[in-house]
Number of protein chains: 2
Amino acid sequence: MEHRIDRIKKQLHAQSYKLTPQREATVRVLLEREEDHLSAEDIYLLVKEKAPEIGLATVYRTLELLSELKIVDKINFGDGVSRYDLRKEGAEHFHHHLVCIECGSVEEIMDDLLGDVEKIVENEWGFKVKDHRLTFHGLCKKCQKAITVEA
Amino acid sequence: MEHRIDRIKKQLHAQSYKLTPQREATVRVLLEREEDHLSAEDIYLLVKEKAPEIGLATVYRTLELLSELKIVDKINFGDGVSRYDLRKEGAEHFHHHLVCIECGSVEEIMDDLLGDVEKIVENEWGFKVKDHRLTFHGLCKKCQKAITVEA
DNA sequence: CTAAATGCAAACCTTTTGCAATTCA
DNA sequence: TGAATTGCAAAAGGTTTGCATTTAG
């Protein structure tokens, strides 16, 4: 944890950005809730517990900055809100998501399943892939069971 | 074209929705601009040319209805706007997109490249896939060339 | 005829921005 | 010190909603 904060601090300083207490608090929330897919508002409320004086605008500005630095990825699952997801260290590509259409849960897949597909896209379409977004919509294990039982 | 309109009319009637002139005009715009990825506002302006009295709210309501009926898919490329994409007839899955990070162009891929990946997700994660969203971000052919030349 | 649909304007939400005051390096 | 950052409140989108009126079936 401290290790990752240090790293991020260095990344910021490298571009002459400052690691303010507000930014640090925001990053800590992101680290603590790595599994979640929090909206800016969610993050704001959590950061407020540690740093009550912070403003929502600062959270937005911090998240934008972290996006630029590729520390977080901004995603959108189709509800009207952007969500922010910490990039795994060293990850070349954005990970994938399984969104349950029944209960709304979001599971992450870290494996890169798209190696072959990207080759096809590059060779057959001449498109140079830099990143991707892949989300599956369907039924998670739990909801599949629930439906089987009730049927 | 008329054939597809008829089909949609039937789909609407099947659920006792009406095919109003406003709805028909909206569908026609969608059919004419099948290749594009129009926002609600874009569609509104285009529909207005044929049916000047239409209101933006009606366009939104129509698009929502068409989404429900799986006639269009609502997508989000990360700019703050929802875009609407006509589903190809008989398509089981949503098609894929190649978004150029240089010029913003959007190309569509109709082939289903995810068959194998879906099998893995179903078998290894126990997740029952119903649909997916796959977008690649990178450089289109044109922009790759442009960059090579200027370098 | 009557449930469904429309147009308009107001309301809503999320996100962004201007600016004076503050703070990190 | 001085450029970067913050908080606040206002503004700016995009989208939704309430309601009186109109219309497709």
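Letters go in sequence order (proteins before strands), and every chain restarts at 1.
Listed by chain and number, the residues in a side-chain hydrogen bond (donor to acceptor under 3.5 Å, both in side chains) with B:Arg83 are B:Asp79 (sequence neighbours excluded). The side-chain hydrogen bond (donor to acceptor under 3.5 Å, both in side chains) test applied to B:Lys48 returns B:Tyr44, not counting sequence neighbours. Here A:Arg87 pairs with A:Asp73, A:Asp131 under the side-chain hydrogen bond (donor to acceptor under 3.5 Å, both in side chains) rule; sequence neighbours left out. Partners of A:His96 according to the ring pair (Phe, Tyr, Trp, His ring centres under 6.0 Å) rule, which considers only residues two or more places apart in sequence or in another chain, are A:His132. With sequence neighbours excluded, the residues forming a salt bridge (Lys or Arg N to Asp or Glu O under 4.0 Å) with B:Arg28 are B:Glu2, B:Glu24, listed by chain and number.
Residue pairs meeting the ring-ring contact (aromatic ring centres under 6.0 Å, His included) criterion with at least one partner in residues 48-68 of chain B, sequence neighbours excluded, are absent. Counting only residues at least two apart or in different chains, side chain to side chain donor-acceptor pair (under 3.5 Å) contacts with residues 9-18 of chain B are absent.
Between B:Val59 and B:Ser16, the residue anchored closer to the 5' end of DNA chain C is B:Ser16, taking for each the nucleotide with the nearest heavy atom.
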Considering only distance and modelled atom types, tabulate donor-acceptor pairs under 3.5 Å from the side chains of residues 29-43 of chain B, sequence neighbours left out.
unit_1  : atom_1 : unit_2   : atom_2 : d
B:Glu32 : OE1    : B:Lys50  : NZ     : 3.3
B:Glu32 : OE2    : B:Lys50  : NZ     : 2.7
B:Arg33 : NE     : B:Asp36  : OD2    : 2.7
B:Arg33 : NH2    : B:Asp36  : OD2    : 2.9
B:Glu34 : OE1    : B:Arg4   : NH1    : 3.4
B:Glu34 : OE2    : B:Arg4   : NH1    : 3.1
B:His37 : NE2    : B:Asp85  : OD2    : 3.3
B:His37 : NE2    : B:His97  : NE2    : 3.0
B:His37 : NE2    : B:Glu108 : OE2    : 2.8
B:Ser39 : OG     : B:Asp42  : N      : 3.1
B:Ser39 : OG     : B:Asp42  : OD1    : 3.3
B:Ser39 : OG     : B:Asp42  : OD2    : 3.0
B:Asp42 : OD2    : B:Ser39  : N      : 2.9

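Both B:Val117 and A:Val129 are members of a single hydrophobic cluster when ILVMFWY side chains are connected at heavy-atom separations under 4.5 Å. In the hydrophobic clustering of this structure, B:Trp125 groups with B:Leu134; members are Ile, Leu, Val, Met, Phe, Trp, Tyr whose side-chain heavy atoms approach within less than 4.5 Å, directly or through other members. Hydrophobic clustering (ILVMFWY, side-chain heavy atoms < 4.5 Å, transitive): A:Ile54 and A:Ile5 are in one cluster. Both A:Ile71 and A:Met1 sit in one connected hydrophobic cluster of ILVMFWY residues. Membership requires side-chain heavy atoms under 4.5 Å apart, directly or through other members.
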Per-nt protein contacts along nucleotides 9-19 of chain D (heavy atom under 4.0 Å; B base, S backbone sugar-phosphate only, - none) come out as -----SBBBB-
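Reading DNA chain C from its 5' end, the first and the last nucleotide to sit under 4.0 Å from a heavy atom of chain A are C:dT14 to C:dA25.
One interatomic measurement links the two molecules: CG of B:Leu65 to P of D:dA24, which rounds to 16 Å at whole-angstrom precision.
Using a 4.0 Å cut-off on heavy atoms, the residues of residues 18-32 of chain A that approach DNA chain C are A:Lys18, A:Leu19, A:Pro21, listed by number.
Two end axes, each from the C1' atoms of five base pairs, can be drawn for the helix from C:dC1-D:dG25 to C:dA25-D:dT1; they diverge by 50°, to 10 degrees.
Counting all heavy atoms, side chain and backbone alike, A:Tyr84 lies closest to A:Val72 at CD2-CG2, 4.3 Å.
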